[in-house]
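Structure first, then comments.
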Amino acid sequence: MRTLIRTVHVSASPSSLPPAPAASASPAAPVSPAAASSAVPASAPTQADLLDFARRTAADAALIASLPLDPEGRTWVRLDGPKGSEAWLIGWPPGTGTGWHDHAESVGAFVTAAGELKENSLAARLPADGWKTLELDDGVDRQRRLPAGTGRAFGRHHVHEVLNVSADTHAISVHAYFPPLPQIRRYSRTGPVLRLEHVERPEDWQ
C-alpha cells in the first residue's frame, strides 16, 4: 500500500500557539508509551480537552498561514499539545489521504482549519492483536465531511481514513493525541475485507 506522504519538517514557535486552558497551565511531563499503557494519570487530557485545543489552534490564523504547503505530498509541524499530549499541524494537497489506520491505545481529536476533509471510519472496535485479516459486518461504515472550523474526537482503536477529496484546494488541520502515539497500525481494504499491512512506530514519522 503506497502512502501519499512527502514530509517537510519545520519548527513551530511556542509563541504561535493559542493560550492553553487554565487547567493545563503547568503541562505534565511527557508520558512514555509504556507508562501510558499501564496507567492513565488523573491529569490526562480528555477527548474534550484535545478537541478544544484543536479548535483553538485551528483558529490561530498566523499559525495556520505559517505551515509550508507542498503540491504533491502532506506536510506537517509538531506542536505542543495540552497536558503532555502529542499534536500536529498538517497540510493536505488536493487528492491526498492517510489510508486506513488506527492510533492503538491513544484517544484523539482533529479539526479542519482550512479547506475541507472527509473522514471514512468504522463503527466497530477491532481486536487489539492476534489477527491479520477481518471481514467487516454490514453497516459499520461511517462518513463525515469536515469543512473549516469543524472536527471530531475519537476513542482508542478508532479505525479511519482521512482524505482531502478536493481537486484543486489544499486543506489544513490540527490533530492531538494522548498518550503520545505509541504506534499506528495501517490497513488495506477490499470491500468488506480489512487486512493489517504493517505497524509504524514513532521513529518512522518523527
Side-chain angles (χ1 to χ4, degrees), residues 1-5 7 30-40 44-51 53-54 73-74 76 78-79 81-82 84-90 92 96-112 117-146 150-165 171 173-206:
M1 180 176 65
R2 180 170 177 266
T3 304
L4 300 176
I5 301 176
T7 68
V31 178
S32 69
S37 63
S38 61
V40 177
T46 65
Q47 293 179 41
D49 292 333
L50 298 177
L51 185 59
F53 168 84
R74 290 191 294 155
W76 59 77
R78 179 77 179 260
L79 305 175
S85 60
E86 176 176 341
W88 299 88
L89 178 64
I90 301 177
W92 308 72
T96 56
T98 60
W100 288 95
H101 67 284
D102 71 16
H103 306 101
E105 293 293 331
S106 297
V107 300
F110 68 99
V111 171
T112 305
L117 292 173
K118 176 183 179 183
E119 182 198 40
N120 297 322
S121 63
L122 301 179
R125 178 163 179 159
L126 305 185
D129 51 37
W131 65 277
K132 185 72 175 178
T133 302
L134 291 176
E135 184 167 352
L136 302 170
D137 291 335
D138 293 338
V140 299
D141 284 290
R142 301 289 185 270
Q143 292 186 352
R144 294 172 185 250
R145 301 193 75 91
L146 300 164
T150 62
R152 65 156 307 172
F154 52 85
R156 295 171 174 81
H157 303 287
H158 176 67
V159 179
H160 68 166
E161 63 174 352
V162 181
L163 310 160
N164 178 8
V165 298
S173 56
V174 178
H175 302 245
Y177 310 96
F178 189 88
L181 294 174
Q183 64 182 30
I184 293 177
R185 299 189 296 183
R186 295 200 175 273
Y187 308 95
S188 62
R189 184 174 177 184
T190 304
V193 177
L194 192 72
R195 180 180 179 85
L196 176 63
E197 294 291 347
H198 67 278
V199 177
E200 292 181 2
R201 309 286 177 185
E203 57 269 22
D204 296 324
W205 62 80
Q206 293 181 354

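Quick note: numbers below take in every heavy atom, side chains included, and nothing from hydrogens, waters or symmetry partners.
- The CG atom of Leu79 sits 10.5 Å away from the NE2 atom of His175 when rounded to the nearest 0.5 Å.
- Scored by the side chain to side chain contact (heavy atoms under 4.5 Å, CB included) test, Gln143 finds Lys118, Asn120 as partners (sequence neighbours excluded).
- Between the side chain of Thr112 and the backbone N or O of Leu146, at least one donor-acceptor pair lies under 3.5 Å.
- Nearest heavy-atom pair across Pro45 and Pro82 is CG-O, 3.8 Å.
- Taking all atoms of both residues into account, the shortest heavy-atom contact from Leu126 to Trp131 is CD1-CZ2, 3.8 Å.
- Residues forming a side-chain hydrogen bond (donor to acceptor under 3.5 Å, both in side chains) with Asn164 (at least two apart in sequence, or on another chain): none.
- Ser121 places no side-chain N or O within donor-acceptor distance of the main-chain N or O of Val159, the cut-off being under 3.5 Å.
- In this structure, the ring pair (Phe, Tyr, Trp, His ring centres under 6.0 Å) partners of His103, at least two apart in sequence or on a different chain, are His101, Phe154, His160, Tyr177.
- A search for side-chain hydrogen bond (donor to acceptor under 3.5 Å, both in side chains) contacts involving Arg142 returns nothing, not counting sequence neighbours.
- Contact annotation: the side chain of Tyr187 never approaches that of Arg195 to less than 4.5 Å [non-hydrogen atoms, C-beta and beyond].
- Ser85 places no side-chain N or O within 3.5 Å of a backbone atom of Phe178 that could act as its donor or acceptor partner.
- When the side-chain hydrogen bond (donor to acceptor under 3.5 Å, both in side chains) test is applied to Arg144, no partner is found at least two apart in sequence or on another chain.
- Of the possible polar contacts, one joining the Arg189 side chain to the Gly191 backbone as a donor-acceptor pair under 3.5 Å is found.
- Expressed to the nearest 0.5 Å, how far CD of Gln183 lies from NE2 of His198 amounts to 11.5 Å.
- Looking at residues two or more places apart in sequence or on another chain, you find no side-chain hydrogen bond (donor to acceptor under 3.5 Å, both in side chains) involving Thr150.
- Nearest heavy-atom pair across Leu50 and Gly108 is CD1-CA, 3.9 Å.
- Closest heavy-atom contact between Ser106 and Pro182: OG-CD, 3.4 Å.
- In this structure, the side chain of Glu86 engages the main chain of Leu181 through a donor-acceptor pair within 3.5 Å.
- Note: His157 NE2 to Asp102 CG = 7.5 Å, rounded to the nearest 0.5 Å.
- Applying the side chain to side chain contact (heavy atoms under 4.5 Å, CB included) test to Val111 and every residue at least two apart in sequence or in another chain returns Leu51, Ala54, Arg55, Ala58.
- In this structure, the side chains of Leu122 and Leu194 come closer than 4.5 Å at one or more pairs of heavy atoms.
- Between atom OG1 of residue Thr190 and atom CD of residue Glu135 there is a gap of 11.5 Å, rounded to the nearest 0.5 Å.
- A search for salt bridge (charged side-chain N to carboxylate O under 4.0 Å, His left out) contacts involving Asp137 returns nothing, not counting sequence neighbours.
- When all heavy atoms of Phe53 and Ala176 are compared, the closest pair comes out as CD2-CB, 4.1 Å.
- Side-chain contact between Val193 and Leu136 is absent, with no heavy atoms from C-beta onward closer than 4.5 Å.
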